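Numbers restart at 1 for each chain; the letters A, B, ... are given by sequence-line order, proteins then strands. Quick caveat: nothing in here was measured; it's all calculated off a predicted structure.
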Number of protein chains: 2
Amino acid sequence: MNDLTERQKFILTLVIHEYIRTATPVGSQHLVARYNLDMSSATVRNELAVLTERGYLRQPHTSAGRVPTEEGYRYFVSRLIQATELPDSTRRMISHQFYQMRHDVEQWMRLAASVLAHQSRAASLVTAPHPEKARLKHLELIATRGRQVLMVLVMVGGEIHQRILILNEPVGQDQLSQAAHRITTLYYGKDAEQIRALRSLVEGLEADVLEWVLEEMEQVDSVVAGEIYLDGLTNVLSEPEFTTSDEARRALKLLEEPTLLQDLLARTVLAHAPGGVQVLIGGEGTWEELRQCSMVLGSYGAPGLVVGTLGILGPMRMSYGRAISIVRFMSSLLSDLVSETLMDDSAIKSDGEVNHEEG
Amino acid sequence: MNDLTERQKFILTLVIHEYIRTATPVGSQHLVARYNLDMSSATVRNELAVLTERGYLRQPHTSAGRVPTEEGYRYFVSRLIQATELPDSTRRMISHQFYQMRHDVEQWMRLAASVLAHQSRAASLVTAPHPEKARLKHLELIATRGRQVLMVLVMVGGEIHQRILILNEPVGQDQLSQAAHRITTLYYGKDAEQIRALRSLVEGLEADVLEWVLEEMEQVDSVVAGEIYLDGLTNVLSEPEFTTSDEARRALKLLEEPTLLQDLLARTVLAHAPGGVQVLIGGEGTWEELRQCSMVLGSYGAPGLVVGTLGILGPMRMSYGRAISIVRFMSSLLSDLVSETLMDDSAIKSDGEVNHEEG
DNA sequence: AATTAGCACTCTCACCGCGAGAGTGCTAAA
DNA sequence: TTTAGCACTCTCGCGGTGAGAGTGCTAATT
């Protein structure tokens, strides 16, 4: 398969740019006029014919301009796109906003989703940082009433899980605190598997509680991603390809369905190296709901500790350069933020053999 | 203003029912045919004319059937609607689902949103239970690295807030635990105002921490509602009145904008008695974004302790009977659930004069 | 050999007119 | 008070039509 000539690549780029701009099929004369090309429309037409032949463009009907195909977008994204870096001022402004609200992970997630949606003018999604393997950091038991106890579980990485336990018999707060404290010191930094192996270290009340802890931690492990934050859903509705709201529905449905979305994220983003940016164009044959859409996905996190994913979803006709640069930027920004916040925890080896600085 | 005759009410009801069913203007002949009325279309026509005169109906153009006006819906909802109770089997099935996942508030919220959306075939929203006035239940401080400390704040009602503090100098875990313990015992059950009045009880590290606690609690108080759970957004997109996605965008935008939504909830639901169900039709002149929509809103909670709101948003042409019954049912179900879970806390008077059962 | 001008051809889309159909209001009779 | 009858109005779907945009092909040009 011969590669395209430079001029063909150039023209393909122009067509894609123009189509992204106008959302209407682009013709040869239009192209030479708008970009002051020093060739005639006939020449362009010939090249367009080649590109159509190769499957990078298509015509909606015999006598219309050309529209990029999925293949066309893919070729463009993988080989022709040039990085459109975010202006420094924008980067600084965004960073500033994040450092304003220091250390509030939930706020960060919302802000990240908001920034992504705003900058890309598309729908955005961000998942909260999630431990690759949950490891215990701190356990707290709070007596409520009678046999009811509020269990608060802090994972290495800062994720908090809560749950209400019903004990067999009422237990005082002091006894609960003591049990929690013992479990914390005994199992600090260990994952569910390791705890299970060492569970004979405790008995009685503590053993009962430990079962709940294990159950919760295993549940955390079974989920591939943290809570999902969405924003800018309405952006995508304003795109002309979604005037027939039926197509829009299918795409939004995907975002509403946490399991589907997590599946998608797990398969694409988490499977790849962190830091990189994946571009899914037209569902890639796998995701029927996204036939009309593209996603630009990335991941962030503190290596070996927590990971999260983030990305934007928009029409296939989206400004990929901009999208990729904003996703990449947010990805590194969030990585910095969570790494910075959790730097201490990265010292905890997964074998749990690090001393808890305990008095 | 004379009231309507029985027959006029009857016909208005029929028109509304039929319009909800078909989404097309309904004419006199159609009405007599479909409902086997024992009067002629001419008679119906006369009554329709009266109802139009009164402002309960309107015709899209001179020679079309009638469509209910906002006023028409309001009259219907406030005076004509008859309770369509949920079938017992459905109620039991829903309850069962909730009791399956005992004591996981977050799951309840998601399930509630899902059930509301599913049963009403519209968009739903549920806010997490939120204390009317935050009162301290438990404080935990967890050393992370150097001067960094994870603060976990449990409010009466079970709401958990976390935050990372940066102390002036490193402090060991034991000292932190002790400080947290002292603050918990001293200020258990008190609200921000009361704590502020008594803040001279502590000094040094504890005083510093208490400032953070107060800040966080005051922030909680300043927010009118908990986190918002949405579901079924795509349902509303499939309604025929939203094929022109512009109108749909405006409505969904409202749901995406937490501040606007909280404002709306605060003004309508929280201002009224709990348990009741409010119906907002066509934005009621205040909410421009909802011109085409209606909302059925309710609240739930444990009296004096926590409240949350829930509701559904759909086209004005929605099945109000069904909507109201499902909202009412979910409202009481959630009230039961949270009351049951938090029963202990209701013993805590707002003056904080209840002993913490401490060893 | 590559490019370009010229041209015939194709297809969409916006516009128009028209007739069917649904629904109305009015009047007069029951 | 209700109803049958009727003339009237307005929408909506239909086919036809012409402008316009864009194409592919061919022959001339560089």
Participant: Output the rounded distance in Å from CD (B:Gln8) to C1' (D:dT2).
Facilitator: 15 Å
Participant: Would you mind reading off the distance between A:His30 atom NE2 and D:dG20 atom C1', rounded to a whole angstrom?
Facilitator: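 Answer to the nearest Å: 15 Å.
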Participant: Would you call the rings of A:Tyr56 and A:Tyr75 parallel, tilted or perpendicular if under 30° counts as parallel and over 60° as perpendicular?
Facilitator: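 A:Tyr56 and A:Tyr75: tilted rings.
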Participant: Is a salt bridge present between A:Arg91 and A:Glu85, judged by a nitrogen-to-oxygen distance below 4.0 Å?
Facilitator: yes
Participant: For B:Ser120 and B:Arg322, which I'm curious about, is there any donor-acceptor pair between the side chains at under 3.5 Å?
Facilitator: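 No, no side-chain donor-acceptor pair sits under 3.5 Å.
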Participant: Going 5' to 3' along DNA chain C, which are the first and last nucleotides with any atom under 4.0 Å from a heavy atom of chain A?
Facilitator: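 Both ends considered, the range comes out as C:dT3 to C:dT12.
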Participant: Less than 4.0 angstrom from a charged side-chain N to a carboxylate O is my criterion; do A:Arg79 and A:Asp3 meet it?
Facilitator: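 Result for this pair is yes, salt bridge flagged.
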Participant: Would you mind reading off the bend of the helix from C:dA1-D:dT30 to C:dA30-D:dT1 from its two end axes, five pairs each, to 10 degrees?
Facilitator: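 Computed angle between terminal axes is 30°.
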Participant: Hey, does the side chain of B:Thr43 come within less than 4.0 Å of D:dT2's phosphate (OP1/OP2), counting only N and O?
Facilitator: no
Participant: Tell me which of A:Ala49 and B:Ser40 sits closer to the 5' end of DNA chain D, going by the nucleotide each one is nearest to.
Facilitator: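 Per heavy-atom nearest nucleotide, the more 5' residue is B:Ser40.
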Participant: Closer than 4.0 angstrom, basic N to acidic O: yes or no for A:Lys253 and A:Glu289?
Facilitator: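 Not counted as a salt bridge, because no side-chain N and carboxylate O are separated by less than 4.0 Å.
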Participant: When rounded to the nearest 0.5 angstrom, what distance separates OG in A:Ser319 from CZ in A:Arg21?
Facilitator: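 Answer rounded to 0.5 Å: 12.5 Å.
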Participant: A:Gln29 near the nucleic acid: base, sugar-phosphate alone, or nothing, with a heavy-atom cut-off under 4.0 Å?
Facilitator: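 The answer is base, as A:Gln29 lies within the cut-off (heavy atoms under 4.0 Å) of a base atom.
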Participant: Salt-bridge test for B:Arg317 and B:Glu241: reply yes if a basic N is under 4.0 Å from a carboxylate O, no otherwise.
Facilitator: yes
Participant: Let me know, please, whether B:Ser63 or B:Ala42 comes out on the 5' side of the other along DNA chain C by nearest nucleotide.
Facilitator: B:Ser63
Participant: Does B:Glu71 come within less than 4.0 Å of B:Arg54, counting only side-chain N to carboxylate O?
Facilitator: no
Participant: Under 4.0 Å between any heavy atoms, over every strand shown, what does A:Ser28 touch: base, sugar-phosphate, or nothing? Just pick one.
Facilitator: sugar-phosphate
Participant: In terms of side-chain geometry, is the basic nitrogen of B:Glu70 or B:Arg74 positioned less than 4.0 Å from the acidic oxygen of its partner?
Facilitator: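 Yes, B:Glu70 and B:Arg74 are salt-bridged.
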Participant: To the nearest angstrom, how far is A:Asn46 atom CG from D:dA27 atom C1'?
Facilitator: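 After rounding, the reported distance stands at 14 Å.
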